[in-house]
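The structure under discussion appears below in the form of structure tokens.
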Amino acid sequence: MYPNLAIPELVEQIVSYLDPSKNRRSLVVLARTASIFHNPAIAILWQSQTDLLNTLRCLPPDLYRLDVVKQVVEGDYDHYLGDVQNLRLVRLIEVSDWERVRLHANHVREFSYRPTYADRYSKNRFSYSSIHAVLALNFMDSGIFPNLTDLDWTCYDDDFDADFLHIRLFLVPKITRIDIRCRKQTHSVMLSLLPQRCPLLKDAFITFDYEPVYADELSTVASNNITKFILGLCCVEYLTSHIPNIVSLLHLARLSTLRYLGVSGLPEALSTVDVTSIPNPFPSLRQLHIREGANMTSVIRLLEVCRNVALETFTVQNTIPSPAIAPLLAALVNSSHFSLTRLEIRGFQDHNIMTFEVLRPALDLVNLAEVMFSLGSDLDDAAITQMAQAWPRLRILEFQPCDDRRSWITIGCLRSLAQWCPELENLRMTFSLGVIPAFVEAPPAQSRLRSLGVNRSRITGSQTIDVARFISAVFPNVTKVSTDWETYSDEGKSFGSIWKEVETYIPLVKQIRAEAKSWALESRQ
């Protein structure tokens with residue numbers, strides 16, 4: 001054996017280069033090759049689990065049987081949905097039965113429990129409840145995976161709701177990240193246990209999926225459980241959750257570790273809070289994400305509370321009434337005038353046209369590098385020019401329309417973006433190609449842009465060369481032109497294929513232009 005392989009750390013480093021999702025067979029072979037590779041390879045194979053079947057296979061085969069039960073939906077015509085395999089013990093469990101389970105369970109660091117709608121109708125699936133019931137006989141107090149650090153626990157279907165509370169079998173002190181997506185408010189009973197069971201929790205994602213609720217619609221029990229959960233957090237860095245009351249918000253505002261906050265519900269009483277009564281709120285907060293369900297009046301008030309917070313990222317993925325846009329942006333400018341580098345606003349309650357004047361306050365966010373809006377607006381080339389001048393550090397600029405209204409932006413605005421935004425790498429907007437600007441021999445060329453998105457811009461086959469010529473002159477290194485046209489419709493296929501031709505012509509036109517310049521120089525000599 002090569003002497004350096006006697007160093008365990010070196011062997012672990014070598015084995016770590018094998019991705020178990022792609023190199024599973026290689027890891028199995030490596031584990032059987034030599035004893036020095038066995039433990040590191042087994043550790044990699046077991047570090048991430050998506051179900052309990054591998055754990056089940058570690059039990060002695062004479063301990064249980066799998067009873068097959070046919071799954072049939074009764075009605076006018078009975079429909080066979082496949083077989084369900086229920087775990088049934090056939091003898092008493094002995095202490096030695098768990099030895100192999102414990103040996104491999106110690107290697108598990110990540111566990112994801114996400115039974116889906118497809119699992120429910122699988123032709124051959126296991127009953128998770130029966131497996132949990134057996135494991136609970138021995139692991140109720142200690143946890144199945146004692147070294148678990150990352151837990152993803154989601155139930156997507158009614159059939160799995162009964163399994164949700166079995167999460168207690170996986171809550172261990174070493175967990176630092178947890179993702180819990182509750183389908184019912186009654187699932188919140190487990191949240192109050194998290195701070196005590198997982199004192200090292202740094203990243204928590206808690207939502208109520210498939211039963212959308214707002215902060216003021218939470219039941220008293222759910223609100224109390226979420227409050228206990230939030231008040232028990234002491235070192236969390238990334239948190240996504242409902243914030244049911246002012247007490248919870250004030251606790252989060254005092255945490256020196258919190259860097260990311262995603263809110264899907266805010267207390268209405270926030271509008272009555274005196275912002276000056278909170279000294280130095282959210283001292284480390286850098287990212288604020290407003291999710292579906294948050295009241296915009298409370299969001300604006302929260303930005304006022306964050307008046308001295310150096311936010312770097314602000315994201316809204318929520319229904320926003322049109323009148324709330326201007327005060328929202330104004331509050332954002334007042335709190336993060338110089339610090340904000342990413343602004344993303346997607347989702348409006350109506351499809352009214354957003355005038356550029358409503359969006360104008362955002363021009364004062366002078367250090368923006370990433371801007372993504374989903375809106376219907378009256379933006380034109382002049383507005384794009386003002387944005388380019390106001391945001392010279394732009395790397396990503398995306399305008400995703402809410403509908404198919406006519407765009408007033410022409411590809412002529414690309415000149416301004418090339419001139420004022422030298423770092424722009426990704427651009428997406430809808431263009432009007434009624435008029436294609438005349439080709440200019442020496443426009444301001446920008447070399448960083450690689451990806452150009454055109455949404456659902458309409459184009460004719462006769463415009464292909466002219467559009468490609470203009471784009472290649474302004475952004476000569478564009479390699480990808482993407483569209484949002486559906487490929488299943490004849491119209492979408494037609495426009496999509498024409499834009500694909502534009503993508504093909506851009507480098508060809510660039511090459512022709514370079515050769516022409518080379519010939520011109522040679523002729524002069």
- Query: If you measure only the distance, is there a donor-acceptor pair under 3.5 Å linking the side chains of Ser447 and Asn477?
  - Reply: no
- Message: Are more than 12 heavy atoms, taken from residues, nucleotides or ligands other than Gln196, located less than 6.0 Å from that residue's CD atom?
- Response: no
- Task: Provide the closest heavy-atom pair for Cys235 versus Pro199 in the form atom of the first, atom of the second, distance.
- Result: SG-O, 3.7 Å
- Message: Tell me whether Asn280 contacts the main-chain N or O of Pro283 through its side chain, where contact means a donor paired with an acceptor under 3.5 Å.
- Response: no
- Note on the structure: side-chain contact (heavy atoms from CB on, under 4.5 Å) test vs Leu449 passes for just one of Leu417, Leu424, Val474, namely Leu424
- Is the backbone N or O of Glu491 less than 3.5 Å from a side-chain atom of Ser494, with the two atoms forming a donor-acceptor pair by type? no
- Note on the structure: For Ile44 and Leu18 the tightest heavy-atom approach is CG2-O, 3.8 Å
- Query: Are side-chain N/O atoms of Asp484 and Gln400 paired as donor and acceptor at under 3.5 Å?
  - Reply: yes
- Donor on one side chain, acceptor on other, Thr227 and Asn224, under 3.5 Å: no
- Is there a donor-acceptor contact under 3.5 Å linking the side chains of Gln287 and Arg342? no
- Query: Side chains of Glu501 and Thr504: do they bring a donor and an acceptor to under 3.5 Å?
  - Reply: no
- Name the one of Glu370, His289, Gln317 that satisfies side-chain contact (heavy atoms from CB on, under 4.5 Å) with Glu344? Gln317
- Message: Pairing donors with acceptors under 3.5 angstrom, does anything connect the side chains of Ser416 and Thr385?
- Response: yes
- Query: Does Asn455 reach the main-chain N or O of Phe399 with its side chain, forming a donor-acceptor pair under 3.5 Å?
  - Reply: yes
- In terms of side-chain geometry, is the basic nitrogen of Arg307 or Glu304 positioned less than 4.0 Å from the acidic oxygen of its partner? no
- Message: With a 3.5 Å distance limit and no angle check, can you tell me whether Asn225 reaches the backbone of Leu191 through a side-chain donor-acceptor pair?
- Response: no
- Exercise: identify the closest heavy-atom pair between Cys198 and Leu171: SG-CD2, 4.1 Å
- Query: So does Arg259 pair up with Glu237, basic N to acidic O under 4.0 Å?
  - Reply: no
- Query: Within the distance-only criterion (no hydrogens, no angle test), does the side chain of Ser264 pair as donor or acceptor with the backbone N or O of Arg291 below 3.5 angstrom?
  - Reply: no
- Query: Going through the distances and angles, do Ser482 and Arg428 end up as a side-chain hydrogen bond (donor to acceptor under 3.5 Å, both in side chains)?
  - Reply: CA-CA 9 Å; Ser482 60; Arg428 175 175 290 274; 2.8 Å; yes
- Just by distance, do the side chain of Ser223 and the backbone of Thr220 share a donor-acceptor pair under 3.5 Å? no
- Could you check whether the rings of Phe111 and Phe170 sit parallel, tilted or perpendicular, using 30° and 60° as the cut-offs? parallel
- Taking Ser518 for its side chain and Ala514 for its backbone only, find out whether a donor-acceptor pair lies under 3.5 Å. no
- List for me each residue that meets salt bridge (Lys or Arg N to Asp or Glu O under 4.0 Å) alongside Arg450, sequence neighbours excluded, and say none if there are none. none
- Message: Tell me whether Lys493 is salt-bridged to Asp490, with the criterion being a basic N under 4.0 Å from an acidic carboxylate O.
- Response: no
- Message: Side chains of Asn367 and Arg393: any donor to acceptor distance under 3.5 Å?
- Response: yes
